[in-house]
Amino acid sequence: QALLVESGGGLVQPGGSLRLSCVASGFSLDYYAIAWFRQAPGREREGVSCISINGATKHYADSVKGRFTISRDNAKNTVYLQMSSLKPEDTAVYYCAAEPNYMFHSDYPLNSADFHSWGQGTQVTVSS
């Protein structure tokens, strides 16, 4: 069974850091673009970041540019989201999503409808 499992969420103070991980089991991420989305209570799901199959192309939402970094380790079948300078408005459930052979432009916003494999999410809470 193909699964995506997120981990690394938690409670952190404003200005702090967290690193989220997305591990795939049952399939190889080698031919998948991987994205991170987030959803806060009462708000629509927002595309946060995306990394291409070879890692050369990355997208970041304007709200996280300069603070979040996406990376992938295909040998570990894992994608990471390093989050720094966290703000209360970053509080949300964070989901990773995978789509095979997905092409995207780094400047265009992500569309959740383009991704068909999803993890269950990990809660990130930024609060003092």
Side-chain angles (χ1 to χ4, degrees):
Q1 183 179 1
L3 289 175
L4 292 171
V5 179
E6 304 95 335
S7 63
L11 173 63
V12 63
Q13 292 187 342
S17 299
L18 284 174
R19 188 177 79 160
L20 305 184
S21 298
C22 172
V23 180
S25 63
F27 69 106
S28 170
L29 288 181
D30 286 1
Y31 301 104
Y32 286 75
I34 307 297
W36 287 94
F37 290 81
R38 67 185 181 185
Q39 189 164 20
R43 302 190 67 176
E44 291 187 357
R45 191 166 293 191
E46 174 191 18
V48 174
S49 185
C50 188
I51 188 167
S52 62
I53 293 169
N54 64 2
T57 303
K58 300 176 183 179
H59 164 81
Y60 296 99
D62 287 343
S63 57
V64 306
K65 276 181 183 176
R67 300 189 297 121
F68 290 12
T69 303
I70 192 169
S71 62
R72 64 190 299 155
D73 185 342
N74 285 358
K76 295 183 177 179
N77 227 22
T78 302
V79 172
Y80 304 99
L81 186 68
Q82 178 68 48
M83 307 187 296
S84 303
S85 302
L86 283 162
K87 305 175 182 179
E89 51 263 44
D90 294 318
T91 296
V93 178
Y94 283 71
Y95 302 88
C96 67
E99 186 66 19
N101 302 312
Y102 181 67
M103 305 293 289
F104 63 95
H105 193 287
S106 60
D107 293 337
Y108 292 167
L110 299 174
N111 185 345
S112 61
D114 291 340
F115 293 84
H116 296 91
S117 297
W118 291 82
Q120 292 301 304
T122 185
Q123 175 72 46
V124 171
T125 303
V126 185
S127 175
S128 55

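Ala97 pairs by the side-chain contact (heavy atoms from CB on, under 4.5 Å) definition with Phe37, Phe115, Trp118, not counting sequence neighbours. With sequence neighbours excluded, the residues forming a side chain to side chain donor-acceptor pair (under 3.5 Å) with Ser28 are Asp30, listed by chain and number. Taking Asn74 as the reference, Arg72 meet the side chain to side chain donor-acceptor pair (under 3.5 Å) condition, with sequence neighbours excluded. Evaluation of the side-chain contact (heavy atoms from CB on, under 4.5 Å) rule for Thr91 yields Gln123, Thr125, Val126 as partners, not counting sequence neighbours. The side chain to side chain donor-acceptor pair (under 3.5 Å) search around Tyr94 returns Arg38, not counting sequence neighbours. Taking Asn54 as the reference, Ser52, Ala56 meet the side-chain contact (heavy atoms from CB on, under 4.5 Å) condition, with sequence neighbours excluded. Looking at residues two or more places apart in sequence or on another chain, you find no side chain to side chain donor-acceptor pair (under 3.5 Å) involving Arg19. Scored by the side-chain contact (heavy atoms from CB on, under 4.5 Å) test, Ser7 finds Ser21 as partners (sequence neighbours excluded). By the salt bridge (charged side-chain N to carboxylate O under 4.0 Å, His left out) test, Arg45 pairs with no residue at all, sequence neighbours left out. For Cys22, the disulfide bond (SG atoms under 2.5 Å apart) partners are Cys96, not counting sequence neighbours.
Using a 4.5 Å heavy-atom threshold, the side chains of Ser63 and Glu46 count as touching. Looking at Leu29 and Leu4, their side chains come closer than 4.5 Å, going by heavy atoms from C-beta outward.
When all heavy atoms of Gly9 and Thr122 are compared, the pair lying nearest together is N-OG1, 3.2 Å. Ala40 and Ala92 make their closest contact through N-CB, 3.8 Å (heavy atoms, listed as atom of the first residue, atom of the second, distance). When all heavy atoms are compared, the tightest approach of Ser17 to Ser85 is OG-N, 4.4 Å. Across Leu81 and Ser49, no two heavy atoms sit closer than the pair CD1-CB, 4.1 Å.
Going from atom OG of Ser127 over to atom CD of Gln13 covers 8.5 Å, rounded to the nearest 0.5 Å. We find the CH2-CD1 distance between Trp36 and Ile51 to be 12.0 Å, quoted to the nearest 0.5 Å. Here the OG1-CE distance, from Thr69 to Met83, works out to 11.0 Å after rounding to the nearest 0.5 Å. Interatomic distance, Leu20 CG to Gln82 CD, rounded to the nearest 0.5 Å: 8.5 Å.
Val12 and Val93 end up in different hydrophobic clusters when Ile, Leu, Val, Met, Phe, Trp and Tyr side chains are linked at under 4.5 Å. Hydrophobic clustering (side-chain heavy atoms under 4.5 Å, transitive across Ile, Leu, Val, Met, Phe, Trp, Tyr) groups Ile70 together with Ile34. No continuous path of ILVMFWY side-chain contacts below 4.5 Å connects Ile53 to Val79, so the two sit in separate hydrophobic clusters.
Among residue pairs with one or both ends in residues 42-81, none qualify as ring pair (Phe, Tyr, Trp, His ring centres under 6.0 Å); sequence neighbours excluded.
The neighbour count for Glu89 CD, taken as heavy atoms of other residues, nucleotides or ligands under 6.0 Å away, is above 12.
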All N/O donor-acceptor pairs, side-chain side in residues 100-112, below 3.5 Å, sequence neighbours left out:
from	atom 1	to	atom 2	distance (Å)
Tyr102	OH	Asp114	OD2	2.9
His105	ND1	Asp107	N	3.0
Asn111	OD1	Ala113	N	2.9

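No donor-acceptor distance shorter than 3.5 angstrom exists from the side chain of Gln120 to the backbone of Val5, with no hydrogens or angles considered.
Looking at Asp90 and Lys87, no side-chain N of the basic residue comes within less than 4.0 Å of a carboxylate O on the acidic one, giving no salt bridge.
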